[in-house]
Engineer: 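Questions regarding the structure given below will be posed in turn.
Read the numbers this way: they start at 1 and go in the same order the structure lists the ligands and their atoms.
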Amino acid sequence: MAEKQTYPVPADFVRNAHIDRATYQAMYRRSLENPEDFWAEQADRFLDWRRRWDRVMDWDFNEPRIRWFEGGELNVSENCIDRHLTQRGDKTAILWEGDDPAESRRLSYRELHEAVCRLANGLRQRGVRRGDRVCIYMPMVPEAAVAMLACTRIGAIHSVVFGGFSPHALRDRILDADCKLVITADEGIRGGKTVPLKANTDKALRECPGVETVVVYQRTGADIHWENDRDVRYADLIADTDRECEPEAMGAEDPLFILYTSGSTGKPKGVLHTTGGYLLHAAMTHHYVFDYHEDDIYWCTADVGWVTGHSYIVYGPLANGATTLMFEGVPNYPDASRHWQIVDRHRVTIYYTAPTAIRALMRAGDDPVRQCSRSSLRLLGTVGEPINPEAWSWYHRVVGDGRCPVVDTWWQTETGGIMIAPLPGATDLKPGSATLPFFGVQPALMDADGRELEGEASGNLVIKSSWPGQMRTVYGDHQRFAETYFSAYKGCYFSGDGARRDADGYYWITGRVDDVLNISGHRLGTAEIESALVLHPDVAEAAVVGFPHDMKGQGIYAYVTLMAGRETSESLKEALIQLVREEISPIASPDVIQWAPGLPKTRSGKIMRRILRKIAADELDSLGDTSTLADPSVVDDLIENRIRPE
Ligand code: WTA
């Protein structure tokens with residue numbers, strides 16, 4: 001079995017790493033046995049506080065109520081920038097590589113400080129105050145990070161919306177958070193193609209009366225629609241502003257940002273993170289899991305629109321005074337060597353990406369990798385979905401030349417930062433396993449009846465006690481927070497993932513056990529895709545499930561029932577796909593649409609998704625019991641007309 005194969009910690013890692021095995025074990029034990037002291041020490045070590053906290057932690061998962069470092073005051077931008085200025089003023093904070101290989105920029109900590117202060121002052125001039133919500137809908141340019149940090153400087157709450165989301169998706173997020181200002185760009189550029197961000201924003205804002213100002217960063221100089229009393233150029237907004245901006249002293253539990261993520265039901269929910277605990281968790285995990293050292297050049301390939309971009313492009317690395325690389329483009333443009341060219345050009349030492357990218361690069365073969373030296377690399381990381389052992393081994397052997405440990409990091413938008421992952425100087429690796437919990441994290445496995453499983457076992461993954469980076473609520477809907485995460489297993493946070501624990505106590509994440517899909521590492525809910533499909537007047541009902549997909553991890557399989565008398569056609573399929581793209585994003589486009597005269601339902605009308613999943617995966621032997629269905633014959637039709645995805 002693959003898990004028999006282990007990769008011991010390389011000798012040079014043991015020598016130079018922050019943490020060796022014995023230290024990990026001792027610190028982990030202490031973090032559980034004496035959490036108050038442990039976290040107080042870490043909070044002192046990693047962050048600068050304006051005022052010390054009154055109480056380290058105060059939480060109760062039954063209510064649920066979660067508070068860390070209450071009474072403490074700090075400012076995130078001050079921790080990410082100002083405190084580095086004396087030692088690292090000229091050090092590169094953000095190293096930007098454009099979509100076009102000829103374009104690159106560097107912002108030193110001093111320059112970042114000025115940029116953030118100026119924008120923060122500009123936002124204040126436009127009436128943004130502490131606690132106001134600001135939407136950021138930006139391409140991968142340094143100004144996206146500047147915008148986030150400028151919000152934190154004045155205590156505004158940012159809500160970053162991934163630039164791949166459609167105008168409708170943007171509108172819903174702006175309305176839910178009641179944002180008063182949007183920061184966007186004329187266009188984005190990815191893989192040589194432009195993305196019409198300002199035009200999308202204009203469309204979204206037709207139905208968002210609360211937005212008073214749109215700040216437009218000029219990325220391409222394209223011709224764009226302009227509303228004089230609402231729109232302002234980024235360059236004009238900051239032109240006459242002061243280069244200093246006094247940071248707001250924020251409470252540790254004041255909201256820092258909202259980030260929308262998909263759940264198994266309803267519309268995406270606004271995950272709310274707060275100031276002190278989140279920043280501590282991001283900084284600390286960045287330091288230990290990536291074994292970060294002062295002279296590292298660190299690159300996380302995520303987009304700032306996802307939580308990985310928040311915690312591991314912006315907040316974690318900058319809190320630690322790191323040089324963080326930000327890449328505007330895609331792995332295969334202009335060619336499949338692009339990532340390794342960037343690694344060589346900037347002497348990247350730590351590289352953190354997603355399994356979907358690794359699989360795509362693996363398919364391009366070894367040559368594009370071997371053409372580049374990659375000699376600067378010392379550590380590789382992965383996040384976002386389970387990594388298959390083949391991809392893990394290729395990543396380790398080819399990309400890392402067998403020298404670089406691979407840290408497989410399990411976490412979620414909700415957890416704020418990494419929860420289960422190896423520490424490269426402490427943990428022997430097993431391909432496909434996220435290995436062991438981070439400090440303070442108490443994972444457990446539960447069976448269907450809510451009993452905790454001991455030893456080697458498979459079950460639903462829960463976390464038994466709070467950690468500083470944990471989300472605090474669903475924005476505007478605390479009840480939904482309680483129901484989604486704390487109702488399945490009493491007194492525990494339920495992750496929605498399944499996992500196995502092996503004889504060494506290593507965790508193997510098996511994927512979602514709910515109706516959340518993971519498409520190329522992008523998280524989507526089946527319910528939101530179904531809602532988009534049923535908007536079409538010809539559609540009576542739709543059921544969406546995931547199926548195993550070689551490249552994307554999961555693909556999207558949609559069963560669609562039409563209104564009586566409506567004809568199926570290829571053009572209708574096209575129209576449905578278009579509808580999903582418009583409502584959500586191209587990333588949510590179904591791979592397969594099967595016309596379903598009926599859906600398998602229980603007598604109480606509940607769709608049996610288990611059966612739909614099995615048909616989509618072509619696992620017909622294990623359909624299970626269909627006798628409880630209201631009409632078992634619909635299954636025969638679905639099987640007969642099933643579509644085998646390419
Ligand atoms: C999945 C991304 C296996 C998991 C940071 C989780 C993983 C969801 C891993 C969260 C991993 C993330 N191994 N699965 N190393 N990392 N996942 O909120 O299903 O976009 O619940 O956060 O991604 O996705 P999200």
Engineer: Please state which protein non-hydrogen atom is closest to atom 24 (O) of ligand 1 and give its distance, to 0.1 Å?
Structural biologist: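 For atom 24 (O) of ligand 1, the nearest protein heavy atom comes out as Arg523 CD, 3.7 Å.
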Engineer: Mind checking whether Thr382 has an N or O less than 3.5 Å away from an N or O of ligand 1?
Structural biologist: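 No - when backbone and side-chain N and O of Thr382 are compared with those of ligand 1, no distance drops under 3.5 Å.
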Engineer: Below 4.0 angstrom from a heavy atom of Thr409, which ligand 1 atoms are there? Numbered from 1 as shown, please.
Structural biologist: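 Close to Thr409: 9 (C), 11 (C), 15 (N), 16 (N).
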Engineer: Write out the residue and atom name of the closest protein heavy atom to atom 25 (P) of ligand 1, then the distance separating them to 0.1 Å.
Structural biologist: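 Of every protein heavy atom, Thr413 OG1, 3.5 Å lies nearest to atom 25 (P) of ligand 1.
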Engineer: Answer yes or no: is there a donor N or O on one side and an acceptor on the other, between the side chain of Asp514 and the main chain of Val516, under 3.5 Å?
Structural biologist: yes
Engineer: With a cut-off of 4.0 Å, which atoms of ligand 1 are near a heavy atom of Asn518?
Structural biologist: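 Counting from 1, the qualifying ligand atoms are 1 (C), 23 (O).
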Engineer: If you measure from OH on Tyr352 to OG1 on Thr301, what distance do you get to the nearest 0.5 Å?
Structural biologist: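 Tyr352 OH to Thr301 OG1: 9.5 Å, rounded to 0.5 Å.
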Engineer: Go through the structure and list residues passing side chain to side chain donor-acceptor pair (under 3.5 Å) with His286, not counting sequence neighbours.
Structural biologist: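 Per chain and number, His286 pairs via side chain to side chain donor-acceptor pair (under 3.5 Å) with Asn320.
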Engineer: If you have a sec, work out which protein heavy atom is nearest atom 13 (N) of ligand 1 and how many Å separate them, to one decimal?
Structural biologist: Glu385 O, 3.3 Å
Engineer: Of Ser311, Gly521, Gly381, Gly384, which has the heavy atom at the shortest distance from atom 17 (N) of ligand 1?
Structural biologist: Gly384
Engineer: For atom 10 (C) of ligand 1, what is the closest protein heavy atom, and at what distance to 0.1 Å?
Structural biologist: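 Ranked first by proximity to atom 10 (C) of ligand 1 is Trp411 O, 3.7 Å.
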Engineer: Ignoring hydrogens, just give me the one of Asp408, Thr308, Leu259 whose non-hydrogen atom is nearest atom 15 (N) of ligand 1.
Structural biologist: Asp408
Engineer: I'd like to check which ligand 1 atoms, numbered from 1 as shown, lie under 4.0 Å from a non-hydrogen atom of Asp497.
Structural biologist: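 Here the atoms of ligand 1 in question are 4 (C), 6 (C), 19 (O), 21 (O).
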Engineer: Has Asp291 got a side-chain atom pairing as donor or acceptor with Pro424's backbone, closer than 3.5 angstrom?
Structural biologist: no
Engineer: Who passes ring pair (Phe, Tyr, Trp, His ring centres under 6.0 Å) against Trp410, sequence neighbours left out?
Structural biologist: none
Engineer: Do side-chain atoms of His478 reach the backbone of Pro64 as a donor and acceptor pair under 3.5 angstrom?
Structural biologist: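 Present.
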Engineer: Any idea which atoms of ligand 1 are less than 4.0 Å away from a heavy-atom of Ile509?
Structural biologist: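 Per the distance check, 3 (C), 14 (N).
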Engineer: What part of Ala434 sits under 4.0 Å from ligand 1 if we count only heavy atoms: the side chain, the backbone, both or neither?
Structural biologist: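 Answer for Ala434: neither.
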Engineer: Centre of Phe165's six-membered ring, under 6.0 Å away, within 45 degrees of the axis: is that where NZ or CZ of Arg173 sits?
Structural biologist: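 Output yes; distance and angle both within limits.
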Engineer: In Å, rounded to the nearest 0.5 Å, how long is the span from CZ of Arg512 to CD of Glu385?
Structural biologist: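 With rounding to 0.5 Å, CZ (Arg512) is 13.0 Å from CD (Glu385).
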